[in-house]
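Structure, as C-alpha cells:
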Amino acid sequence: MLAAHWPTTSEALQALQDELSRLQPPPWRPAGDYRVGAVFVCGPRGSAGAGSAGQPGWAAAVSGRAWAALAGGLGAAYEPGLLALREGELLERAVRALPEAPDVLLVDATGRDHPRRAGLALHLGWALDLPTVGVTRRLLYDGEGVWRTPSGLWIHAAWRTDVETAQEVVSSVSGRVRTPAPLREARRLARSARSYSDSMPNPAPG
DNA sequence: GCGACAG
DNA sequence: ATCTTGTCGC
C-alpha cells in the first residue's frame, strides 16, 4: 500500500514518524550468506538546492547481481526531517521492482538520528518490511545510533538494525573506496537511467 | 535578521 | 541533492 506508507503532508508524516519511532520490531542479525542491497534516488541533472515538488526523479535498486531502475516523480521540496515526502515513494517502488529482495538494504538517509527518531532509512524499512541501514555524509540531528567509518561516513541504525549490526553490514561491503559497493552501484544505475531519459525524445503531449 | 539543516 | 574547482596521493 504505497499511499499509506508515504503521507503527502508534513503533519501526516510527522504523526507517522512519531508512531514508527515507538515500534520495536524484532532485531535482525547477519547470519550465514546474506545479501546486502541498496537503493538510490537522484533528481534532474543541473538541479541544486532543495528542489521543488513534482520534479522528475530516477531511482535504482540492487540486490546481488539483480537490479532495477525506474523514472518517476519526486514529492515535496527537500526539508530536513521530511525527506520521506520527497523520496519515499520512489525508493519503495525501486526496491519492489527487484526480482528478489535483499536480506538488508542500504539507504542514503538517517535512522534514529532524526528529530522524531524515524529517519527515512527506518521509514523505508518499515514500508518494505526489510531490515535497513542508513548511510550519510553528514549527521541530521544529534548523532543517535550512528557509527563513523574510518573514511568519515556516518552509518545509522535503522529498521530492525542496531549500531553494531549496521557497522558489520557496511564493513562487509566496503572496500578501497568510501561508498559501500551496493550503494555505488545503485547510484550509478540511477544516474544512468537519468542519462537515458535525457537522451530520449520528449513524450507526445496528451 | 542570520546560518544550519539526511538528500 | 548537483556542479565546479582545486589539491593531494597513488
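Order of the sequence lines sets the chain letters (A, B, ...), proteins ahead of strands, with each chain counted from 1.
In this structure a side-chain-to-backbone donor-acceptor pair under 3.5 Å is missing from A/Arg148 to A/Trp154. With A/Asp103 contributing its side chain and A/Tyr34 its backbone, the two residues share no donor-acceptor pair below 3.5 Å. A donor-acceptor pair under 3.5 Å links the side-chain atoms of A/Thr9 to the main chain of A/Ala12, judged by distance alone. Checking side-chain atoms of A/Arg178 against main-chain N and O of A/Ser151 turns up a donor-acceptor pair under 3.5 Å. Within the 3.5 Å criterion, the main-chain N or O of A/Ser52 finds a donor-acceptor partner in the side chain of A/Arg86. Side-chain N or O atoms of A/Thr136 include none that pairs as donor or acceptor with a backbone N or O of A/Leu139 at under 3.5 Å. At distances below 3.5 Å, at least one donor-acceptor pair connects side-chain atoms of A/Thr132 with backbone N or O atoms of A/Trp159. Although no hydrogens or angles enter the test, the distance criterion places no donor-acceptor pair under 3.5 Å between the side chain of A/Arg194 and the main chain of A/Trp58.
A/Leu106 and A/Leu91 are members of different hydrophobic clusters when ILVMFWY side chains are connected at heavy-atom separations under 4.5 Å.
In the model, A/Thr165 has a side-chain atom that pairs as donor or acceptor with a side-chain atom of A/Asp162 under 3.5 Å.
Annotation: proximity of residues 40-57 of chain A to DNA chain B (heavy atom, distance under 4.0 Å) is found for A/Gly49, A/Ala50, numbered in ascending order.
Counting only Watson-Crick and G-U wobble pairs whose two key distances fall under 3.5 Å, DNA chain B forms no stem of three or more pairs. DNA chain C forms no stem, meaning no run of 3 or more consecutive Watson-Crick or G-U wobble pairs whose two key distances fall under 3.5 Å.
Taking 4.0 Å as the cut-off between side-chain N and carboxylate O, A/Arg29 and A/Glu168 count as a salt-bridged pair.
Annotation: side chain of A/Arg160 is in contact with side chain of A/Pro25 (closest heavy-atom distance under 4.5 Å). With a 4.5 Å cut-off on side-chain heavy atoms, A/Pro80 and A/Leu140 count as touching.
A/Arg194 comes within contact range of the sugar-phosphate backbone alone, with a heavy-atom separation under 4.0 Å but no base atom that close.
A nucleotide of DNA chain C counts as in contact with chain A when one of its atoms lies under 4.0 Å from a heavy atom; the first and last such, 5' to 3', are C/dA1 to C/dC3.
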Practice task
Do nucleotides 1-6 of chain B as a string where each nucleotide becomes B, S or -: B if the base has a protein heavy atom under 4.0 Å, S if just the sugar-phosphate does, - if no protein is that close.
Solution key: ----BB
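The aromatic rings of A/His123 and A/Trp6 sit parallel to each other, their planes meeting at less than 30°, with 60° as the upper class boundary.
When the P atom of B/dG7 is taken as reference, atom OH of A/Tyr141 falls 18 Å away, rounded to whole Å.
In this structure, A/Arg138 has no side-chain hydrogen bond (donor to acceptor under 3.5 Å, both in side chains) partners at least two apart in sequence or on a different chain.
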